[in-house]
Amino acid sequence: MPGWRQAMTQALDVARRAAAWGDVPIGAVVLGSDGDVLSEAGNERELTGDPTAHAEVLAIRRAAEARDGWRLGDCTLIVTLEPCTMCAGAIVAARIPRVVFGAFDPKAGAVSSLFDVMRDPRLPHRTEVVTGVMVEESSALLREFFDGHRACTVDG
């Protein structure tokens, strides 16, 4: 678990930046085998108008660019929220062997909450999943964002 808390802290910082431009505050960091950060990203759906601009997908794309190749077989993805189906598929496609996430997503989580895409034995690649790293901090950030969003909707 060395470096996971530090990387999750960085992912939370990136998530806060995403919230500043109106995106759901989710952040992701890709670590190389040496523990160095290859990439980071926050949600950019609102910023770019791209429905696929989830933090995990963007972080994976940027890590692949940094590596000059799509295979990320020695990397770890740290993300503040349980990945959705699209992101879980991208993680499997990139051959990422380990995902560490903070908060569970009971509405759209595809790692354990609704589905278990990354560990499905029918797929050629399975991913180790580590849960609950800084779960309180990750959950609180999302709760604050949605509480504020609901207040604006009700008031405005």
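There is no path of hydrophobic side-chain contacts, each under 4.5 Å, that joins Leu58 to Ile91. Under the 4.5 Å side-chain contact rule for hydrophobic residues, Phe146 and Leu81 share a cluster. When the side chains of ILVMFWY residues are joined at heavy-atom separations under 4.5 Å, either directly or via intervening members, Ile60 and Ile26 end up in a single hydrophobic cluster. By the criterion of side-chain heavy atoms lying less than 4.5 angstrom apart, applied directly or through intervening Ile, Leu, Val, Met, Phe, Trp or Tyr residues, Val79 is not grouped with Val57; the two fall into different hydrophobic clusters. Under a hydrophobic clustering in which Ile, Leu, Val, Met, Phe, Trp and Tyr are joined whenever their side-chain heavy atoms come within less than 4.5 Å, directly or via other members, Leu123 and Ile96 fall into the same cluster.
One N or O on the side chain of Thr80 and one on the backbone of Gly27 form a donor-acceptor pair closer than 3.5 Å. Side-chain atoms of Asp23 come within 3.5 Å of backbone N or O of Arg45 as a donor-acceptor pair. At least one donor-acceptor pair under 3.5 Å links the side chain of Ser39 to the backbone N or O of Ala59. A donor-acceptor pair under 3.5 Å is absent between the side-chain atoms of His54 and the main chain of Cys84, judged by distance alone. When atom types are taken as modelled, the side chain of Gln10 and the backbone of Val29 share no donor-acceptor pair closer than 3.5 angstrom. Judged by distance alone, the side chain of Arg119 and the main-chain N or O of Val111 form a donor-acceptor pair under 3.5 Å.
Of the charged side-chain nitrogens involved, at least one lies within less than 4.0 Å of a carboxylate oxygen, so that Arg67 and Asp74 count as a salt-bridged pair. Comment: Glu40 engages Arg17 in a salt bridge, judged by a side-chain N to carboxylate O separation of less than 4.0 angstrom. A salt bridge does not link Lys107 to Asp105: none of the charged side-chain nitrogens sits closer than 4.0 Å to a carboxylate oxygen.
Across all non-hydrogen atoms, the minimal contact from Glu46 to Gly22 is CG-O, 3.5 Å. In plain terms, the two heavy atoms of Ser112 and Phe104 that are nearest each other are OG-CE2, 3.4 Å. The two residues Val117 and Gly89 have their closest heavy-atom pair at CG1-N, 4.3 Å. When every heavy atom of Phe145 is checked against every heavy atom of Ala19, the shortest pair comes out as CD1-CB, 4.0 Å. Scanning both residues, Pro97 and Cys75, for their nearest heavy atoms gives CD-O, 3.1 Å. Residues Gly102 and Val135 come closest through the heavy atom pair O-CG2, 3.4 Å.
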Does the side chain to side chain contact (heavy atoms under 4.5 Å, CB included) test come out yes or no for Arg16 and Glu144, once each step is laid out?
CA-CA 11 Å; Arg16 287 183 192 95; Glu144 290 166 15; over 6 Å; no
Between Leu72 and Arg95, does a side chain to side chain contact (heavy atoms under 4.5 Å, CB included) hold up when you go through it step by step?
CA-CA 6 Å; Leu72 302 175; Arg95 306 295 194 263; over 6 Å; no
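At a threshold of 4.5 Å between non-hydrogen side-chain atoms, the residues Val99 and Glu128 do not count as touching. You'll find the side chain of Leu142 stays beyond 4.5 Å of the side chain of Ser138, heavy atoms only. With a 4.5 Å cut-off on side-chain heavy atoms, Thr52 and Arg61 count as touching. Contact check for Leu141 versus Arg143: no side-chain heavy atoms found under the 4.5 Å cut-off. A heavy-atom distance below 4.5 Å is not found between the side chains of Phe101 and Val130. Between Arg98 and Val100, some side-chain heavy-atom pair lies under the 4.5 Å cut-off. Side-chain contact between Leu31 and Leu38: absent, with no pair of heavy atoms (C-beta onward) separated by less than 4.5 Å. Looking at heavy atoms from C-beta onward, Leu77 lies in side-chain contact with Glu56 at the 4.5 angstrom threshold.
The CD atom of Gln6 sits 10.5 Å away from the CE atom of Met134 when rounded to the nearest 0.5 Å. In this structure, CG on Asp116 lies 9.5 Å from OG1 on Thr127, to the nearest 0.5 angstrom. Remark: Thr9 OG1 to Trp4 CH2 distance equals 14.5 Å, nearest 0.5 Å.
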